[in-house]
Amino acid sequence: MTARIAAVVCLLCASFAHAETRYITDKLSVELRRGPGNEYKITRNIEAGLSVEVVEQTPEGYSRVHLGDAQGTEGWVLSQFLTTERSARDRLAAAERSGTEARARVADLERQVAELTAQLGDTKSELDHTRDNHEHVSKELASIKTAAANVVEIQQQNESLRQKTVDRDRQVEELTAANGALSSRSRQSWFIVGAAVLLGGIVIGLIAPSLRRKRRSDW
């Protein structure tokens with residue numbers, strides 16, 4: 001008896017080890033029975049599209065399945081109502097979910113494209129503004145270069161004028177010194193002339209009385 005139980009347990013373990021996932025077909029519901037045959041009691045109806053684990057199959061066309069619910073429900077169903085693909089209803093629901101997700105993804109991509117387009121427009125505007133600023137700065141730089149060249153030229157002219165002013169100041173100083181020398185010599189000449197006139201006057205003053213006496217004596 002113990003050996004028989006052990007053999008059954010081993011068989012069950014082997015059956016679970018090779019369990020495969022199957023889906024209930026699109027039939028509205030499938031009877032889950034206690035054993036592999038119509039004579040066994042129906043324990044519940046399985047809705048179409050439900051995923052079950054096939055534990056064992058019989059040559060008579062029945063499969064022992066495990067529902068995977070919290071109660072660990074098991075039973076037998078006709079193998080013809082099992083399929084390796086999801087039911088059309090589930091595939092439709094999955095397709096609808098995929099379509100919804102795809103539409104949401106498309107909407108998100110469209111939003112991203114709109115944002116990128118707006119950013120591209122802003123970038124183009126900034127680029128145009130930068131290009132205008134560059135042209136303006138280039139013109140200002142050219143003006144500054146021209147003004148700098150003019151400043152250098154003006155500085156050179158100022159230096160030439162300053163040198164001419166220095167030369168003229170030196171000439172004025174030389175002329176002033178020469179004029180001072182001439183004035184000094186002129187004053188000396190006038191002093192000599194004055195002295196000579198004064199001396200001549202004195203001499204004449206001394207000689208004149210004797211001349212008058214002489215003339216009287218001649219008379």
Side-chain angles (χ1 to χ4, degrees), residues 21 23 49 51 68 85-219:
T21 301
Y23 301 94
S51 173
E85 295 182 354
R86 292 180 178 273
S87 66
R89 183 178 63 184
D90 289 344
R91 292 197 299 271
L92 177 60
E96 289 178 350
R97 288 193 299 270
S98 298
T100 301
E101 293 175 356
R103 286 191 294 271
R105 180 59 178 168
V106 168
D108 184 61
L109 291 175
E110 289 178 348
R111 179 183 57 77
Q112 293 180 11
V113 168
E115 292 177 354
L116 292 175
T117 302
Q119 292 178 3
L120 178 60
D122 294 338
T123 302
K124 287 183 177 179
S125 300
E126 292 178 358
L127 180 61
D128 293 338
H129 182 67
T130 303
R131 187 181 294 111
D132 294 338
N133 287 338
H134 177 70
E135 293 178 356
H136 181 68
V137 170
S138 297
K139 291 179 180 178
E140 288 185 350
L141 180 60
S143 300
I144 291 172
K145 289 182 178 179
T146 303
N150 293 335
V151 167
V152 173
E153 184 179 357
I154 291 172
Q155 288 178 346
Q156 293 175 351
Q157 293 177 357
N158 289 338
E159 182 63 24
S160 177
L161 291 174
R162 189 186 67 81
Q163 187 62 40
K164 290 180 180 180
T165 301
V166 171
D167 294 339
R168 289 181 182 178
D169 290 340
R170 186 175 61 253
Q171 291 176 1
V172 169
E173 289 177 358
E174 292 175 354
L175 291 174
T176 301
N179 187 30
L182 289 175
S183 297
S184 179
R185 286 196 297 271
S186 177
R187 287 193 297 271
Q188 291 176 0
S189 297
W190 279 108
F191 179 76
I192 293 171
V193 170
V197 170
L198 179 60
L199 181 59
I202 294 172
V203 172
I204 293 172
L206 293 174
I207 297 174
S210 60
L211 290 177
R212 284 195 297 270
R213 287 195 298 270
K214 185 178 182 181
R215 285 178 182 175
R216 288 177 184 175
S217 64
D218 289 340
W219 291 345

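We count residues from 1, following the sequence as given.
If you take OG1 on T165 and CZ on R162, they are separated by 8.5 Å, rounding to the nearest 0.5 Å. Atoms OG1 and CD, on T130 and E126 in that order, are 7.0 Å from each other to the nearest 0.5 Å. Q157 contributes atom CD, which lies 12.0 Å from atom CD of E159 (distance to the nearest 0.5 angstrom).
The stretch residues 115-124 participates, sequence neighbours left out, in these side chain to side chain donor-acceptor pair (under 3.5 Å) pairs: R111-E115.
In summary, the side chains of T100 and R103 do present a donor paired with an acceptor at a separation below 3.5 Å, with no hydrogens or angles considered. Checking D108 against Q112 by side-chain atom types alone, a donor-acceptor pair falls below 3.5 Å.
Put simply, the side chain of S138 gets close to the backbone of H134: a donor and an acceptor are under 3.5 Å apart.
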Walk me through whether Q156 and S160 qualify under side-chain contact (heavy atoms from CB on, under 4.5 Å).
CA-CA 6 Å; Q156 293 175 351; S160 177; over 6 Å; no

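One finds a salt bridge joining R131 and D128 here, because a Lys/Arg side-chain nitrogen approaches an Asp/Glu carboxylate oxygen to under 4.0 Å.
Considering only residues two or more places apart in sequence or on other chains, D132 meets the side-chain hydrogen bond (donor to acceptor under 3.5 Å, both in side chains) condition with none of them.
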